[in-house]
Number of protein chains: 2
Amino acid sequence: MRQIAGDVGVQAGALYNYIPDKQTLLFNLMRDHMEEVLEAWDAEPRPENDPLAELEAFARFHVRFHLERREAVFIAYMELRNLEADNLSDILALRKAYETALIDILVRAKDAGLIATSNPKVAAFAVIAMLTGVQTWFRDAGGLSREAVEDIYWEMTLGAVGKVD
Amino acid sequence: MRQIAGDVGVQAGALYNYIPDKQTLLFNLMRDHMEEVLEAWDAEPRPENDPLAELEAFARFHVRFHLERREAVFIAYMELRNLEADNLSDILALRKAYETALIDILVRAKDAGLIATSNPKVAAFAVIAMLTGVQTWFRDAGGLSREAVEDIYWEMTLGAVGKVD
DNA sequence: GTCTATACCCCGATAGAC
DNA sequence: GTCTATCGGGGTATAGAC
């Protein structure tokens, strides 16, 4: 709290004019982050009734968003263990809503015979883990552009869920 | 430190007969964990000069090992930020050695024309992130056996790296 | 080798003047 | 609304008796 106060140019005590306590501050940060993810995906342009195109939109969106907000994504994961039980439940519900969006796409793609995945739910968890991992190694100074990385991850996503040729 | 001491049945001060300080304890735990991963993979039975079979061995080994040591894997990742610079370098070098084992398999598979991945290094990072993610959701009480989960992740790994039919 | 006791420091949060 | 000052508690680590 003293470090945050220093960064915004006040003494630690002054922070308590704006927040009741540290736990609430952390919870609000994480809730806002998750809601921004959900709203951004909601607003992401994509076709309807075209599961493979929706899957491509999701994969590219997820990679792009997670590279744009590396620190927030890192915190949203690492600080889960510092949330009190009730707050954790709320955040996990938001995460589940995001996961469900991908599961829904995969189920529709499978029903349409476009992909062969044997388990859409597990596939969704695996794909999200794979895509999220990009933030652990990607650096703009490296040899790959963000677009090139999006291409690679989309290609891998499509293969992982068992595209039917 | 007081909690550790309580769990092993001594007072906090007595711990310092065994370790110089807390940082050294954390570093030793994480180094031991990484060395155990490397040694276990080294000892894992697998064919030689058969990149696809080696890839299957790696995928199944990684899933199995990470389900057997969920807590250790979790700590090895979450506590990275609490390592001092020199210690962090040592641990990251061990992680890199493990990643390199997979990159090597993928490069040989690609050179042999068995997989189509456009970037073996990125593919290796993506595959490891995907496989490691299993520990965030898998529970023995769920509907899937560990073997069934291994099967799914191996199938997805093969697709992700672009198996050539 | 373990104990009790404690030094020293940092934390979140509050009190009360301005 | 911000400040200074401080409370109460917890942290790692050490001192010294046994």
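Residue numbering restarts at 1 for every chain, and letters A, B, ... go by the order of the sequence lines. Values below: every heavy atom of this structure, side chains too, minus hydrogens, waters and symmetry copies.
- In this structure, the separation between CZ on B:Arg31 and CG on B:Leu83 is 11.5 Å, given to the nearest 0.5 Å.
- Salt bridge B:Glu79/A:Arg81: present, at least one basic N to carboxylate O contact under 4.0 Å.
- When the P atom of C:dT14 is taken as reference, atom CG of A:Leu15 falls 12 Å away, rounded to whole Å.
- The ring pair (Phe, Tyr, Trp, His ring centres under 6.0 Å) search around B:Phe61 returns B:Trp41, B:Phe65, not counting sequence neighbours.
- A:Ile19 has its CD1 atom 15 Å from the P atom of D:dG1, to the nearest Å.
- Residue B:Asn17 has its side chain nearest to C:dG1 when only C:dG1, C:dG12, D:dC3 are considered.
- Taking the side chain of B:Ala14 as heavy atoms from C-beta on, and the options C:dC3, C:dG1, D:dC3, the nearest nucleotide is C:dC3.
- Side-chain nitrogen and oxygen atoms of A:Tyr16 include none within less than 4.0 Å of the OP1 or OP2 phosphate oxygen of D:dC3.
- The separation between B:Lys22 atom NZ and C:dC9 atom P is 18 Å, rounded to whole Å.
- When the nucleotides D:dC3, C:dG12, C:dC3 are ranked by their closest atom to the side chain of A:Gln11, D:dC3 comes out on top.
- Computed from coordinates, the B:Met1 CE to D:dA13 P distance equals 6 Å when rounded to whole Å.
- Salt bridge B:Arg64/B:Glu68: absent, no basic N to carboxylate O contact under 4.0 Å.
- Nearest nucleotide to the A:Tyr18 side chain, out of D:dA13, D:dT2, C:dA13: D:dT2.
- Summarising the geometry, the separation between CG on A:Asp21 and P on C:dT14 is reported as 8 Å, rounded to the nearest angstrom.
- For C:dG12, its base sits under 3.5 Å from the side chain of A:Arg2 at one donor and acceptor pair at least.
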